[in-house]
Structures are given as structure tokens and as C-alpha cells.
Protein chains: 2
Amino acid sequence: MLERIHLAIVQEVARQGSLTAAADTLCLTQSALSHSVKKLESLLGTAIWRREGRQLIPTQAGEYLLAVANRVLPQLNQAEERLRQYAEGERGTLRIGMECHPCYQWLLKLVAPYLARWPDVDVDVKQKFQFGGIGALFGFEIDLLVTPDPLFKPGLRFEPVFDYEQVLVVPRSHRLAGATHVLPRQLAQEILITYPVAPERLDVFNQFLTPAGIAPRQHRSIETTDILLQMVASGRGVTALPRWLVEEYATRMDITPVRLGRHGLKKQIFLGLRESDDDVDYLQDFVEMARG
Amino acid sequence: MLERIHLAIVQEVARQGSLTAAADTLCLTQSALSHSVKKLESLLGTAIWRREGRQLIPTQAGEYLLAVANRVLPQLNQAEERLRQYAEGERGTLRIGMECHPCYQWLLKLVAPYLARWPDVDVDVKQKFQFGGIGALFGFEIDLLVTPDPLFKPGLRFEPVFDYEQVLVVPRSHRLAGATHVLPRQLAQEILITYPVAPERLDVFNQFLTPAGIAPRQHRSIETTDILLQMVASGRGVTALPRWLVEEYATRMDITPVRLGRHGLKKQIFLGLRESDDDVDYLQDFVEMARG
DNA sequence: ACCATCCATGAGATCGACTCATCTATGCTG
DNA sequence: CAGCATAGATGAGTCGATCTCATGGATGGT
């Protein structure tokens with residue numbers, strides 16, 4: 001039988017590159033590991049690694065086993081953590097996934113009152129997912145997904161939580177500052193700074209520039225909102241963000257929003273959750289609070 | 001540590017309802033099970049079942065553990081099966097999920113030449129999924145999803161494999177037989193027979209009747225294509241199916257297709273697969289063959 | 001009241017997994 | 001090329017987790 005320890009061994013050997021090193025972190029002797037591996041290989045009837053000199057090269061089976069380990073072990077760890085929480089009377093951890101960079105600010109405002117209301121619930125926010133946000137929901141890596149792209153499919157439920165307008169952000173001294181709106185071609189000579197996300201997933205591209213066949217003069221990316229806006233304020237480029245976020249920063253930074261297109265770029269943010277969690281009260285309440 | 005055997009115990013007890021019965025199928029004595037359970041509960045620090053007389057009622061932790069078991073154990077079983085196939089030099093099993101009832105016929109025609117071309121690959125078809133077809137892909141229950149609803153998300157890839165027209169099927173003696181097309185209101189007095197799927201997921205509803213605000217006189221459902229068409233042929237009602245499928249049956253049944261709406265109801269079928277399987281040759285070849 | 005059947009428990013047996021000591025192979029270095 | 005550090009492999013022996021066996025107490029049906 002394929003046991004948890006086997007997966008842990010495969011994962012750790014992949015991480016460390018050698019049995020000896022892996023033995024250390026697994027709190028076993030090198031000998032024990034060697035025995036275990038030998039037994040597992042004879043059990044499976046196939047080698048897991050090719051021994052090339054003192055290197056261990058995963059075979060096809062080894063690669064596959066590693067993929068299984070990386071997928072299954074986190075589920076078991078999470079299960080143990082949750083059971084520990086049940087045992088200690090805690091309510092659990094609300095694991096929120098974000099697929100919407102600027103929503104982080106919005107989330108922060110929501111989390112404070114939520115934590116006050118649910119003292120026994122912890123909140124954890126993740127932003128990177130092996131198989132995307134939807135995959136993370138299905139894979140029980142997260143319990144709640146903040147995303148602009150809902151997916152109405154069996155097994156999942158999406159609730160709209162707020163509408164906003166995506167606007168161009170320019171320094172107050174910029175030639176476009178004060179314009180009622182901006183058209184795609186007016187950005188052709190600009191340096192556009194965005195979060196480090198594929199352009200086809202950025203609204204300013206897929207709903208504004210790309211349909212018009214326009215590309216900005218240059219496209220750069222920056223991780224954090226603060227730095228990004230400081231770059232804009234200092235005239236290094238322009239960016240696109242939710243209007244509410246820009247208005248917040250505009251009080252202390254030299255930036256101003258401009259409508260994208262004649263009618264503005266209207267967006268909606270959704271919260272996605274598993275239907276099987278419909279009866280988890282502290283989860284539903286988060287959705288309530290987010291909507292309210 | 002939460003081990004595989006623990007999950008198996010929880011799952012089996014849930015299935016059988018008693019420790020004694022579960023012990024039997026797990027090839028253990030009742031005593032061993034009792035000991036294991038006791039130890040696990042003390043390890044977790046929480047009870048898994050409430051003992052009510054001679055009944056075992058799962059606690060909240062027990063319910064959760066069962067959900068984990070039902071999710072994780074199939075992944076481990078599948079992994080073992082696949083490793084066994086690696087060991088024996090077989091290529092593996094192509095597990096296909098279907099979210100499109102009539103596509104079954106199309107699939108059958110494709111599978112025969114595929115099996116001939118890949119003698120070491122088995123094909124398995126599933127039609128029921130715990131979390132829907134997409135969930136099954138993400139959860140590694142299936143490797144390939146046949147669906148009319150693609151989902152372009154990171155982690156998954158969807159390939160269109162064929163276009164078809166959804167048509168109304170009526171008996172040749174029907175008043176609509178021979179009409180160039182049919183309008184929604186002309187179905188208001190008909191009995192509509194479909195596969196047993198929620199109306200909002202049926203094209204004839206969500207793309208034809210519902211937008212026009214029309215409902216059929218009655219809506220019934222039947223599992224199998226053959227029986228369904230025999231019902232139609234005998235004048236018990238009408239249905240909606242792909243044109244190619246109807247034309248096949250029309251040679252030996254008293255039925256005829258009619259276009260839905262002035263311009264017909266055009267559909268497309270997609271094959272969905274995980275991006276992480278991009279290098280699995282026998283999987284990619286299936287997509288190739290399906291497209292060709 | 002009695003019996004069948006459930007789960008719990010203690011004692012003892014058993015088998016698997018771990019450690020220790022040691023061996024061999026590899027690759028680096030002077 | 002010799003010497004050394006370090007990798008994995010292996011055999012023997014120990015230890016402990018987990019199993020079985022035997023039995024007890026509780027429950028529910030007849």
C-alpha cells in the first residue's frame with residue numbers, strides 16, 4: 001500500500017536531492033530511508049529513481065509519484081490542521097484566495113470587522129495557486145476565492161460582492177489628467193505599469209487596448225500597489241486600477257483617475273465557494289458581510 | 001499522523017455502519033479496529049463518533065474526516081493503479097468524463113480506432129462527478145472532459161473538436177415535420193422529452209425557449225437515447241438532439257429533424273484537459289484524433 | 001429473561017520498521 | 001593517482017506499534 005510516509009519521502013528527496021539530506025528532515029537515519037525506498041520500489045515493481053553515480057534521477061514513475069505527493073500531502077496536512085482546530089474548539093481557518101490584485105485593499109478592510117465578529121476563526125490569504133484559483137477551490141487549498149471571473153458550474157457558487165470602475169491612473173501633471181475620458185490610441189505613447197500578471201488577464205488590455213488593436217509604448221510590472229502608484233506619481237508611467245482605490249491614494253499622492261473609454265470600464269468582483277460548504281456558518285457570514 | 005488506514009476505517013465504517021462489519025471488509029478483527037479508533041481519537045484529541053447505544057453517530061470531526069477520506073482515498077487508489085501500469089509497461093488508462101449526453105455516440109465511434117492505435121492504453125468513461133466535470137478534471141478523477149461548456153482558466157486547456165447543430169426531433173407524421181424551421185411559441189403545446197438534466201443546462205431551454213419566455217406543455221425526461229427516440233417516433237412528444245445523431249437514427253425510425261429558430265441552434269463540443277498533462281502523448285493523440 | 005450482537009479492554013504474540021555498524025561506490029582535491 | 005569526504009546499500013539485531021485472542025459490559029430484539 002502506498003502510505004503517507006512514502007509520499008513524504010519522495011517529496012523530501014525531490015526537495016533535498018539526496019536520501020541522506022532527506023533523512024535528516026524526516027527525522028530518520030539514512031539507513032531507514034534506504035530500506036523504505038527499497039521496499040517501496042519492490043512493492044511497486046518499478047524503480048522510483050535511477051542511480052546515476054551519487055545522483056538520484058526520478059524515473060517516469062518517480063515523477064508521477066512526486067506529482068501525487070505534491071497534490072495529496074497538502075490535503076492531509078490541511079485536514080490534520082482542521083481537525084486540530086475542531087479538537088481545540090476553534091472554528092477553523094478561513095482560507096481566502098485572491099485572483100484580483102487590488103482587491104487586497106478591499107479585503108483588508110473587511111477582515112478586521114470579520115475577525116472581531118468571529119474570534120475563533122482565523123483568516124489566511126493566498127495568492128499563488130498550482131492550478132489557478134478555481135483549481136484551488138476544487139482542490140481544497142482555499143475556501144473562498146476573490147475573483148473578477150465567476151464560473152457558474154456545479155459544485156461551485158459565485159456571489160457578486162461589489163461593482164467598481166477600472167480607471168486609468170495618471171500623475172496630476174499629466175496631459176491626460178482632467179480629461180473626461182481616455183481612448184485606447186491615447187495610450188499608444190505611454191508606459192503602462194501593471195501588476196505582474198499575463199496581459200490577457202488584465203482588463204486594461206483585454207477590454208480596452210487589445211480590442212482596439214493598440215499596444216502601449218512599453219509595458220512594465222510591479223508587485224505592490226504602493227510602489228506602483230509612487231512610480232506613476234513620479235511620472236514614470238500610467239496604470240489602471242479600481243476607482244475607489246485610486247481615490248483613496250489620491251489624498252496623499254500626486255495622482256488622478258481618468259475614465260477608460262467613453263462609458264467607463266465597469267467591473268464586478270465575485271466571491272466563489274464550494275457548494276459543499278453551504279452550511280459552514282462562518283464562511284457564509286463572510287459572504288454576507290462582503291455583500292453588505 | 002493521519003494515515004491512509006485511518007481514512008479507510010472512517011470510510012468503511014460510514015459505509016457499513018458498524019465497526020464489526022467494517023473490520024470484516026478491512027480484513028482485521030473487530031478488536032484491532034477498536035484499538036485503532038481509540039488511538040486515533042486520542043491522537044486527534046476529539047471523538048470521531050458519538051456512541052449512541054450500539055450506533056455510531058459521526059461527530060463534526062467525523063463528518064469532516066469522512067469528506068477527506070472520500071476525496072483523498074480515490075486519489076491514492078488511482079495513483080497506485082497508475083504506478084502498477086507503469087510497472088507492467090502499460091501506458092495507462094485514459095479516463096474520459098462526459099458532460100454531454102448525446103456525445104456518447106460520437107465518443108464510441110472515436111474509441112474503437114483509438115484503442116487499435118494505442119493497444120497499451122485502456123479507456124474508461126465516467127458520467128457522474130462529485131463536483132461536476134471541471135471539478136473532476138481538477139481532482140484527477142478524469143483526464144479528459146467532453147463538454148459543450150469550455151472554461152478558459154489557468155491549469156486547464158480546452159480544444160474545440162466538432163461543431164454541430166442542435167435540432168428539434170419530431171415524428172414524420174407531426175404537423176411540424178417538413179417545416180423549414182420552428183419558433184419557440186410553436187412548442188408551447190408540445191410535450192418535450194429530454195435527458196434527465198436540469199433545464200437550465202439544456203440548450204433547447206436556455207438558448208431557445210427560455211429567452212422567448214415560452215415553456216412546453218409538459219417536460220419529461222428519459223435516460224437513454226434509443227428509448228427517448230422511440231417515444232418521439234410513437235408520437236408521445238418531441239425532443240432536441242444533435243442533427244448528426246438524428247440523421248443516423250432517421251434511417252430506421254419514423255423521426256425527422258427540424259431546425260430550431262430561423263438560423264438554427266449552433267453548438268460546439270470541446271475536449272478539456274489539464275495543462276500538466278500536455279506531455280502525455282497518448283492523451284494528446286486522442287485530442288488530435290478527435291479533431292481530425 | 002435470554003440471547004445475539006455490538007463495542008471496549010487487557011495480555012500476549014507478531015511482524016515490520018528503525019538503528020547501528022559496516023561496506024562499496026563515487027567524485028573531488030592536492 | 002592516492003586519499004578523503006560523502007553518497008547509498010546491506011545485514012543483524014532491537015524495539016515498538018499493531019494485531020489476535022479471550023473476555024467483559026452494554027444494548028436491543030424476541
Side-chain angles (χ1 to χ4, degrees), chain A residues 1-63 65-66 69 73 76 80 83, chain B residues 1-63 65-66 69 73 76 80 83:
Chain A
M1 288 271 270
L2 193 56
E3 295 298 334
R4 180 174 187 169
I5 184 67
H6 298 135
L7 298 181
I9 291 173
V10 170
Q11 192 179 56
E12 204 53 41
V13 169
R15 252 203 280 269
Q16 310 265 356
S18 85
L19 279 195
T20 308
D24 240 29
T25 46
L26 291 172
C27 295
L28 288 174
T29 58
Q30 173 270 322
S31 171
L33 228 67
S34 185
H35 281 296
S36 291
V37 166
K38 180 161 190 164
K39 178 153 187 200
L40 177 59
E41 290 189 325
S42 86
L43 203 78
L44 295 177
T46 174
I48 300 172
W49 297 282
R50 267 197 343 264
R51 279 73 167 171
E52 301 235 328
R54 51 180 43 180
Q55 264 191 319
L56 295 179
I57 317 270
T59 61
Q60 189 186 23
E63 294 278 9
L65 209 47
L66 177 59
L73 286 179
L76 290 175
E80 275 181 341
L83 285 165
Chain B
M1 288 272 268
L2 193 56
E3 295 298 332
R4 180 175 188 169
I5 183 68
H6 298 135
L7 298 181
I9 290 173
V10 169
Q11 191 180 56
E12 204 53 40
V13 169
R15 252 203 281 269
Q16 308 266 355
S18 86
L19 280 194
T20 309
D24 241 28
T25 46
L26 292 172
C27 295
L28 289 174
T29 59
Q30 172 269 321
S31 172
L33 228 66
S34 186
H35 281 296
S36 292
V37 166
K38 179 161 191 162
K39 179 153 186 200
L40 177 59
E41 289 188 325
S42 85
L43 204 77
L44 297 177
T46 173
I48 300 173
W49 297 282
R50 268 197 341 268
R51 279 71 167 171
E52 300 235 324
R54 52 178 40 178
Q55 263 191 318
L56 294 180
I57 318 267
T59 61
Q60 190 188 19
E63 294 279 8
L65 209 47
L66 178 59
L73 286 179
L76 291 175
E80 275 181 342
L83 285 165

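Numbered from 1 within each chain, the chains take letters A, B, ... in sequence-line order.
- Looking at heavy atoms from C-beta onward, A/Ser36 lies in side-chain contact with A/Ile9 at the 4.5 angstrom threshold.
- Once rounded to the nearest 0.5 Å, the distance linking CD1 of A/Ile48 with NZ of A/Lys38 reads 13.0 Å.
- Considering only heavy atoms from C-beta on, B/Thr46 stays 4.5 Å or farther from B/Glu41 through its side chain.
- Distance check, rounded to the nearest 0.5 Å: CG of B/Leu44 to CD of A/Glu80 gives 8.0 Å.
- One interatomic measurement links the two molecules: CD1 of B/Ile48 to C1' of C/dC7, which rounds to 15 Å at whole-angstrom precision.
- The CG atom of A/Leu56 sits 10.5 Å away from the CZ atom of A/Arg50 when rounded to the nearest 0.5 Å.
- A heavy-atom distance below 4.0 Å to DNA chain D is reached by these residues of residues 28-39 of chain B, ordered by number: B/Leu28, B/Thr29, B/Ser31, B/Ala32, B/His35, B/Ser36, B/Lys39.
- Rounded to the nearest 0.5 Å, atoms CZ (A/Arg4) and CD1 (B/Ile5) are 14.5 Å apart.
- Take B/Glu3 and apply the side-chain hydrogen bond (donor to acceptor under 3.5 Å, both in side chains) test, not counting sequence neighbours, and it matches no residue.
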Please tabulate, for side-chain N and O atoms in residues 20-35 of chain A, each donor-acceptor pair with protein atoms closer than 3.5 Å (sequence neighbours left out).
from, atom 1, to, atom 2, distance (Å)
A/Thr25, OG1, A/Glu12, OE2, 3.2
A/Thr25, OG1, A/Ala22, O, 3.1
A/Thr29, OG1, A/Ala32, N, 3.1

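- Atom pair A/Leu40:CG and C/dA17:P shows a separation of 11 Å (rounding to whole Å applied).
- For the pair A/His6/A/Met1, no side-chain contact is recorded, criterion being any heavy-atom separation below 4.5 Å from C-beta on.
- The distance from atom CG of A/Leu66 to atom CH2 of A/Trp49, rounded to the nearest 0.5 Å, is 9.0 Å.
- When all heavy atoms of A/Ala61 and A/Ala47 are compared, the closest pair comes out as CB-O, 3.9 Å.
- Scanning residues 2-26 of chain A for heavy-atom distances under 4.0 Å to DNA chain D yields A/Ser18, A/Leu19, A/Thr20.
- Overall bending of the helix from C/dA1-D/dT30 to C/dG30-D/dC1, expressed as the angle between end axes built from five pairs apiece, is 30° (10° steps).
- Distances shown here put a side-chain N or O of A/Arg51 below 4.0 Å from the OP1 or OP2 atom of D/dA9.
- Of all non-hydrogen atoms in B/Gly62 and B/Pro58, the two that sit nearest each other are C-CB, 4.3 Å.
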**OP:** Quick one, give me the B/S/- string for nucleotides 25-30 of chain D, reading 5' to 3', where B means a protein heavy atom under 4.0 Å from the base and S means that only happens at the primed atoms, P, OP1 or OP2.
**Re:** -BBS--
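- By the 4.5 Å heavy-atom criterion applied to side chains, A/Leu2 and A/Leu40 are counted as neighbours.
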